[in-house]
Structure formats: structure tokens, C-alpha cells
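Whatever order the structure lists ligands and atoms in, that order sets their numbers, starting from 1.
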Amino acid sequence: MCGIIGIVGLEGVSKLLIEGLKTLEYRGYDSAGIAVQDGSGSLVVVRRAGKLAELEGAVLEAEPFGRTGLGHSRWATHGPPTQHNAHPMVDTEGRLAVVHNGIIENHEELRAELVAAGVEFRSETDTEVFAHMVSAVVAGGASLPTAVRQCAERLDGSYALAVVSADEPDTIVVVRHQSPLVLGVAKGATMLASDIPALLVHTRQVIPLEDGDVAVLRPEGVEITDISGQAVNRAVKQINWDPVAVQKGGYRHFMLKEIDEQPAAVSATMLSRLDDSTGSIHLGDLDVLGDRLAKVERLTFVACGTSWHAGLAGKFYIENLVGMPVDVDYASEFRYRNTGAGPHHLIVPITQSGETLDTLAALRDVRSAGAPIAAVVNVPESSATREADATILTLAGPEIGVASTKAFTTQLVALYMLALDLAVRRGTMTHAEAEQRIIPLRRVRYAMEGALRGASHIAEVAQKYAHAQDFLFLGRGVNYPIALEGALKLKEISYIHAEGYPAGEMKHGPIALIDENLPVVVIATPGRVYEKVLSNIEEVRARDGKVIAVCAEGDERVAALANDVMEVPAVDEDLSPLVNVIPLQLLAYHVAERRGCDIDQPRNLAKSVTVE
Ligand code: AGP
């Protein structure tokens, strides 16, 4: 959840750390800090509560000069987001500083030991224990890497920890266990970060660390060992993301930029799996599973949040096209059930970040049961890509807005292609039938562009309803997950209570909520449930509810029933979620903007949820 960054060997490191933290701020943004080795052999620590701008202001006033340092942006777990709980945490002498992402579960026991030995704590965080522990071992004569290894062995929980000491110039030591940590290698400098985007301005050569890795970063390179000190080899990977992709590029918010990027992102994800010469589809990503795929009898999607919504659409695709039973589980629930996962059960984790701890934990559990795992992931070289048997990489590029948009639509297209590929492999669809379905798929980006052209009208609709206290979102069939996603987007960024429901379920309870104050967003585009949805709209109208309908361009029947319409180009029903979600994303965006909310960094949330 928190963002950590470290740089070894670059002049003007304070400003570079702040710039890196800006790229990572989506991970946590309630307080921030840096620790810099200055030229005079001491450590300068600056911390501030609040947004990164507070820290930036303080650093500009009295910039610590140096070439090596650490930075942190926090998503509070232990202790409120105050300055004294902001990282870096320092030891008693202020000569050693630590930043941490994760949770040290046995911190109370460790704290008690340190207090008994006379240490005075200055924060309520779980992290501070590590600063004092390492400091004590170093004081006993150990080197910094040895001390980090020894102390990490005593920790329970999840952590990416980075340590800098005034007494070890141009050196940072890191250790990773179940929290993401990536190293970067550049000419005459090395760096670390929680996520790849923070490194791109310096290098595209990265080394993702694995659990139990301890790395020593110096300007000339990195040395990696396991927790016992044995050297380990970790490959340097080349990342193809463009550094420009992590900038706003003239947009007011990353979210709006990312909404606009969807047609291109969906196309890229799709085209990389199409054979232009034959027009056929092939998910080479799955080949590594070999015969195991043929033996699969059922499939389970495990995911959280928006990615879970994509899984619900995936269930619709796979059940319809492959005829295989599909479950969709919240990752946090899946692990605590007896799911009977085994070799005949394909597990498909879906995760934008590839670092969501609930999803990774579910993945790890089923791996030990021998189930084949094919993950749908957006971030290359993330933990999920490394730990799954096969990875279907979505090509959304870096997604910075906390509210997921382009990652979602690329997940949808990846899952549709997974269904087509499995259907052909398993003989429930001929190559020719699959190719017929590819034709509208290739064209869907134009329909998405058409939906984006409705943005200014949607801004007007948003203005009309921005004062509402609750919203209901209704959809049926493959658009039921889109109703859920529309509701999630609205509540995440505008803080309006919103619920998504299958439209046919409304009469079994939620209908009691309907009155003249309740806006009801209904997805009413063509498809097998179109007439049923029209009846549901009538039911809302009969109770004075305000209907905002997503409908096909020129649909006069819906227009006659609804108070407001958000029109989209008509497409094949299976592909309609890719188009229909766009007006809902824009509605949430413009409502949040009208209400003056912090769209890219909504309260209490973080982009990557790396705690259970
Ligand atoms: C989406 O808008 C959310 N911020 C959140 O629900 C997110 O989808 C969820 O935390 C899962 O993240 P992942 O896809 O990176 O695993």
C-alpha cells in the first residue's frame, strides 16, 4: 500500500526522491518523508503529515543535499497519519533510517523487548522496531547487510524494507517478503521502488526481487543474497513501458486520461493475440500449460474489486462459449473455503497490479494443491506474473489513477479472448466460428471511441445528479458486472453510496429504496434481456425513481422512458460491457469533479492493496 523509493549515487537526490514519490503517490498518500545521506556524514530526515505537496514544500525550503536516500508515501496501518508516524523511521541516534511497506505482525512482542532494553519509541508504527533492531545489531559490530538479514529473520508478516545508514555512504540495504520491491540499474547509480513506474525516468533495466531476497545497492551495482547470506542470481529485465505514460499529458486527472486511453489499450491487448495472416486467435500465453489445459473440468476466477467484476463477465463468456462451469470468488474469501482445487481445476487470478496480497495468497494456496494457474495481469514482472504457471498480460500500460478504468476494459477483452481460445482448444467452437467473432472484436475500439464522444453530455447529466445521496445501478446478463462496476466507480471517487444489482433482482428488495430522490442508472443496450430491462425501467418509473439509461444511439423506446440517456454505439451483446462501462466511468468522474473530490487519490484508498 505504501510507496517506497530509494536512490544510490545520483546528485540532487532529494528532488529525485520527491519526483519518484509523485509517481508512487497512488499507493498511499496520508503522509510522506525522505531520508538523505548528506555530504557531512549525517542523515537528514524530513517528514510531513498530509499530501506529498506538504513534504515537497518542506524540502524546497531546506533541501538536504546528497546522492543517496530513501523516500516513503504512507497508507496508515498502525498509528494515525501524523508527522511522527510518517516514515522514514529512525533509530535513537538518528543515524539509521528505515522505510517500510507491509505489516510487521509481531511488532508488539519486538517492541516490548526493545522497551525492556531501554529504547524509547517515538511513533506508534509497527516499522519503528526494525530501525532499533538493526541499529542494535550494527552497534554490536555487524555490517549493515548482516544486521538487516539477522533482524528480518525475526519478523512475521509482510514487508519490503529499505535501510540507509549515515555510517555506510552510498549504500542502501533492502529486504523483501510478500510486499513488492523492484530494483533499477542505471549507469553509475542503482535504485529501488515499490512499483516499476517510479524507476522509468532513470532506467528500464529492472530486477524484481523475490521473497527472502536481501539486496545491497551501491552506485556500481547490486548484490543479492537470500536471508542466510547465500548469493542468488536474479535476472535483469527490460521494461517496455514508456516513461511518458506515467505523466498526465495535459489532463486534469490520470483517471480521465486513462478513460480516454481505453480504445488503444483494448486494441493492443487484442491485436497481440490475433494472427493477421489467418485471422485466427491464439493465446500463446497458455501454451506453457500443455496437456494440463485439456484435462481441466472447471474454472475459478479469483480477484478483488474491479478485477472481480471482470471475472463475473469472464464467467458469462466461458460458460456460454466453452460450456465449462465457472466460479468467481473474492480472493479474500476463496482462501478460507474448501474449494477442492486440484489438477483438473483451472485457477485464473485477475489482478491489474499483480501485487494484491489477497489474490496472491489465493494463488499460492492453490498452487500447492496442484491446480494449473493462468493469471490475467497488467504489470509485467509483478509477483503474480512470476508465480502463476501462465500469464495473460493485458497491455493497458501503467495505470496510475486509483480508480481502475483501462485495466478493467483490457481485462474484459483478455477474458473474452480466453473464452474463444479455450472454446477452440476444447472443440466447443470451430476456428471459423471463432474468426467470425473476431470481426466485431476488431471493430469494438471504434464503438468505444464513440462512447467517449458523449463525455460533454455526460458531464451535464452528472451536474444534474451530483447532489444525490444514493445511486442504484442496474444491469442484466453480461452487463450486471458493469452495473457493479459503475456503482464501485461512483462510490470510490465521489463518496456517494451506490449499489449495483441485477435488474431482475430489484423487485426482491432494493425496490423499497426507490423514490423521487433516487437516481437509478440502468444499462439498457440491445441483447437478449433488452425487453426485460425495459420492464425494469417501467418499475422504477412507476415509483418516481429517476432513470438514467445507457442505451444504443437513437433508441427511442428507452429515451421515452428515461429521464436522461447516455447513448453509446450499438455492438454485439458480448462486447457491450467494453462500451457500456465508459459512460459509467465518465459519470462517476464528473460527479466527483462537481463535488470537488480528489479524483486520483480518493480518501482511504490505495492503488495496490498489499495487506490482507
Ligand atoms: C478499482 O477501482 C479499485 N481501486 C480496486 O477495487 C482494485 O480493483 C482492487 O484492489 C484489485 O486490484 P488489482 O486488480 O491490482 O488486484
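- Ring planes of Tyr589 and His253: perpendicular class, angle over 60° (limits at 30 and 60°).
- Because its NZ or CZ atom is not both nearer than 6.0 Å to the ring centre of Tyr495 and within 45° of the ring axis, Arg595 does not count as a cation-pi partner of that residue.
- Summary of contacts: the protein heavy atom closest to atom 15 (O) of ligand 1 is Ser353 OG, 2.7 Å.
- Considering backbone and side-chain atoms together, Ser404 places an N or O closer than 3.5 Å to an N or O of ligand 1.
- Taking a cut-off of under 4.0 Å to the non-hydrogen atoms of Ala403, the atoms of ligand 1 that pass are 2 (O).
- Scanning the protein heavy atoms around atom 16 (O) of ligand 1, the nearest turns out to be Thr356 OG1, 2.5 Å.
- In this structure, atom 6 (O) of ligand 1 lies nearest to the protein heavy atom Gly305 CA, 3.2 Å.
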Next on the checklist: Using side chain to side chain donor-acceptor pair (under 3.5 Å), reason through Lys406 and Thr394 one step at a time and then give a plain yes or no.
Outcome noted: CA-CA 10 Å; Lys406 62 176 180 170; Thr394 51; over 6 Å; no

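- Every atom of ligand 1 is numbered from 1 in the order shown, and the set under 4.0 Å from a heavy atom of Ser307 is 8 (O), 13 (P), 14 (O).
- With hydrogens left out, the protein atom closest to atom 2 (O) of ligand 1 is Glu492 OE1, 2.6 Å, a heavy atom.
- Scanning all heavy atoms of the two residues, the minimum distance from Leu312 to Leu484 falls at CD1-CD1, 3.5 Å.
- Nearest to atom 10 (O) of ligand 1 among the protein's heavy atoms is Val609 CG2, 4.0 Å.
- Proximity to Thr306 (heavy-atom distance under 4.0 Å) selects the following atoms of ligand 1: 1 (C), 2 (O), 6 (O), 8 (O).
- Side-chain N/O atoms of Ser31 and Asn85 include no donor and acceptor closer than 3.5 Å.
- To the nearest 0.5 angstrom, Tyr159 atom OH is 11.0 Å from Arg176 atom CZ.
- Heavy atoms of Lys489 found under 4.0 angstrom from ligand 1 belong exclusively to the side chain.
- For the residue pair Ser307 / Gln411, a side-chain donor-acceptor distance below 3.5 Å is found, with atom types taken as modelled.
- In this model, no donor atom of one side chain and acceptor atom of the other lie less than 3.5 Å apart for Asn101 and Ser194.
- Shortest contact from atom 11 (C) of ligand 1 to any protein heavy atom: Cys304 O, 3.3 Å.
- In terms of polar-atom proximity, defined here as any N/O pair under 3.5 Å, Val402 does make such a contact with ligand 1.
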